[in-house]
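Being a predicted model, the structure only gives us computed values, none of them experimental. In the text below, chain A, chain B and the rest are named by the order of the sequence lines, each starting its count at 1.
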2 protein chains.
Amino acid sequence: MLRAYMDRKGLRSTDQRKLIVETFFCADNHVSIEELLAQVRESDRRVGYATVYRTLKLLAECGVANERSFGDGLTRYELADEAAHHDHLICVECADIVEFEEPAVEELQERVARRYGFELRSHKHELYGVCPRCQAKRGGANGN
Amino acid sequence: MLRAYMDRKGLRSTDQRKLIVETFFCADNHVSIEELLAQVRESDRRVGYATVYRTLKLLAECGVANERSFGDGLTRYELADEAAHHDHLICVECADIVEFEEPAVEELQERVARRYGFELRSHKHELYGVCPRCQAKRGGANGN
DNA sequence: TTACGTGCAAATTTTTTGCATGCAC
DNA sequence: GTGCATGCAAAAAATTTGCACGTAA
């Protein structure tokens with residue numbers, strides 16, 4: 001996918017790009033540019049912020065990565081593949097994250113996209129709530 | 001909700017806050033600070049950016065508004081109530097946002113939450129893709 | 001050789017914050 | 001009167017971009 005895109009666009013395969021892409025594939029699921037840069041620099045101290053920035057932009061454009069932001073003021077990137085088949089249940093109290101798969105939702109998404117004429121690329125589906133543990137912790141009291 | 005929160009926290013009800021909140025309630029569903037400020041200034045030219053910024057932060061804290069970002073580099077705000085029943089289709093090329101409702105998804109969400117013992121509070125569901133217009137725009141020409 | 005890619009630093013853009021003054025309570 | 005709120009402008013953050021030099025093709 002990336003390969004084809006690069007060929008089509010006449011883009012070059014440089015050491016930096018190879019390193020950044022490889023690092024990104026092995027990194028945590030939601031890295032920021034800064035985080036990724038730090039990891040990249042463990043292998044090659046000379047790589048610049050702008051190169052990581054531009055490479056991730058490239059990955060996002062060709063559909064290999066998705067840009068996301070979680071309200072912490074940073075843009076984060078995730079592998080599109082990984083994202084494709086899991087969604088998240090997030091506890092609003094302890095921030096625990098549980099992944100779930102729900103094929104029926106996937107299918108519904110396709111249907112909605114089709115209804116609006118969209119060519120679906122990716123999705124984000126997050127359910128926020130209180131996990132069982134935190135519910136137990138609260139007992140009868142209600143937070144607000 | 002806002003009222004209670006403000007009382008509890010000892011916050012004051014000022015003309016600016018009243019105006020900003022009122023404007024926010026009547027505004028488009030995903031306003032940025034800038035957009036909201038412009039509208040607020042139609043009523044009162046002296047209101048500052050920082051006040052709008054701080055007021056929306058306040059609304060977000062007490063649960064009346066949700067902060068969201070759609071990858072266009074701006075933080076946007078939406079009414080929490082409104083958010084409860086619609087989701088978004090977002091064009092990755094022109095950043096256009098279409099709202100949709102899909103009761104079946106809502107129901108599935110409930111089911112998933114129940115399956116994991118979560119007490120559902122809210123959710124985010126965004127489908128990213130290419131809108132019809134941008135597909136057409138690419139038409140015969142190379143999609144790049 | 002040609003023109004894309006890189007690194008650096010500067011420029012932009014957006015969000016936050018400090019402070020003197022105003023005003024709700 | 002007290003202390004939160006406001007407006008302005010400055011500061012921080014984060015993202016983009018210009019440019020001279022390096023290098024894949």
> When every nucleotide of nucleotides 10-16 of chain C is labelled 5' to 3' by its protein contacts under 4.0 Å (heavy atoms), B for base, S for sugar-phosphate only, - for none, what sequence of letters results?
Replying inline: ----SBB

>> Output one letter per nucleotide in nucleotides 19-25 of chain D: B when a protein non-hydrogen atom lies under 4.0 Å from the base, S when only the sugar-phosphate is that close, - when neither is.
In response: ----BBS

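A salt bridge does not link B:Arg76 with B:Glu67: none of the charged nitrogens is closer than 4.0 Å to a carboxylate oxygen. Looking at A:Arg114 and A:Glu119, no side-chain N of the basic residue comes within less than 4.0 Å of a carboxylate O on the acidic one, giving no salt bridge. Taking a cutoff of 4.0 Å between a charged side-chain nitrogen and a carboxylate oxygen, A:Glu61 and A:Arg54 do not qualify as a salt bridge. In summary, B:Glu107 and B:Arg111 engage in a salt bridge, as defined by a charged side-chain N under 4.0 Å from a carboxylate O.
Rounding to the nearest 0.5 angstrom, the gap separating the OG1 atom in A:Thr51 from the CG atom in A:Asp15 is 12.0 Å. Summarising the geometry, atom NE2 belonging to A:His125 is positioned 7.0 Å from atom CD belonging to A:Gln109; distances are rounded to the nearest 0.5 Å.
Regarding A:Leu19, its CG atom lies at a distance of 15 Å from the C1' atom of C:dG7, rounded to whole Å. One interatomic measurement links the two molecules: CD1 of B:Ile20 to C1' of D:dA5, which rounds to 11 Å at whole-angstrom precision. Residue B:Arg17 contributes atom CZ, which lies 15 Å from atom P of C:dC23 at whole-angstrom precision. D:dA5 atom C1' lies 13 Å from atom NZ of B:Lys18, rounded to whole Å. For A:Leu36 and D:dA14, the CG to P distance is 16 Å, given to the nearest whole Å.
Here B:Gln16 does not reach the OP1 or OP2 of C:dG22: none of its side-chain N or O atoms lies under 4.0 Å away.
Side chains of A:Glu101 and A:His86: a donor-acceptor N/O pair is absent below 3.5 angstrom, by distance only. For the residue pair A:Ser69 / B:Ser69, a side-chain donor-acceptor distance below 3.5 Å is found, with atom types taken as modelled.
B:His30 and B:Phe70 have their aromatic ring centers within a separation under 6.0 angstrom.
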>> I'd like to know whether B:Glu78 forms a side chain to side chain contact (heavy atoms under 4.5 Å, CB included) with B:Val31, so could you lay out the CA-CA distance, the side-chain angles of the two residues, the decisive distance to 0.1 Å, and finally the verdict.
In response: CA-CA 7 Å; B:Glu78 72 181 353; B:Val31 284; over 6 Å; no

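Side-chain contact between A:Glu99 and A:Asp87 is absent, with no heavy atoms from C-beta onward closer than 4.5 Å.
In the helix from C:dT1-D:dA25 to C:dC25-D:dG1, the rotation axis of the first five pairs and that of the last five pairs differ in direction by 40°, rounded to 10 degrees.
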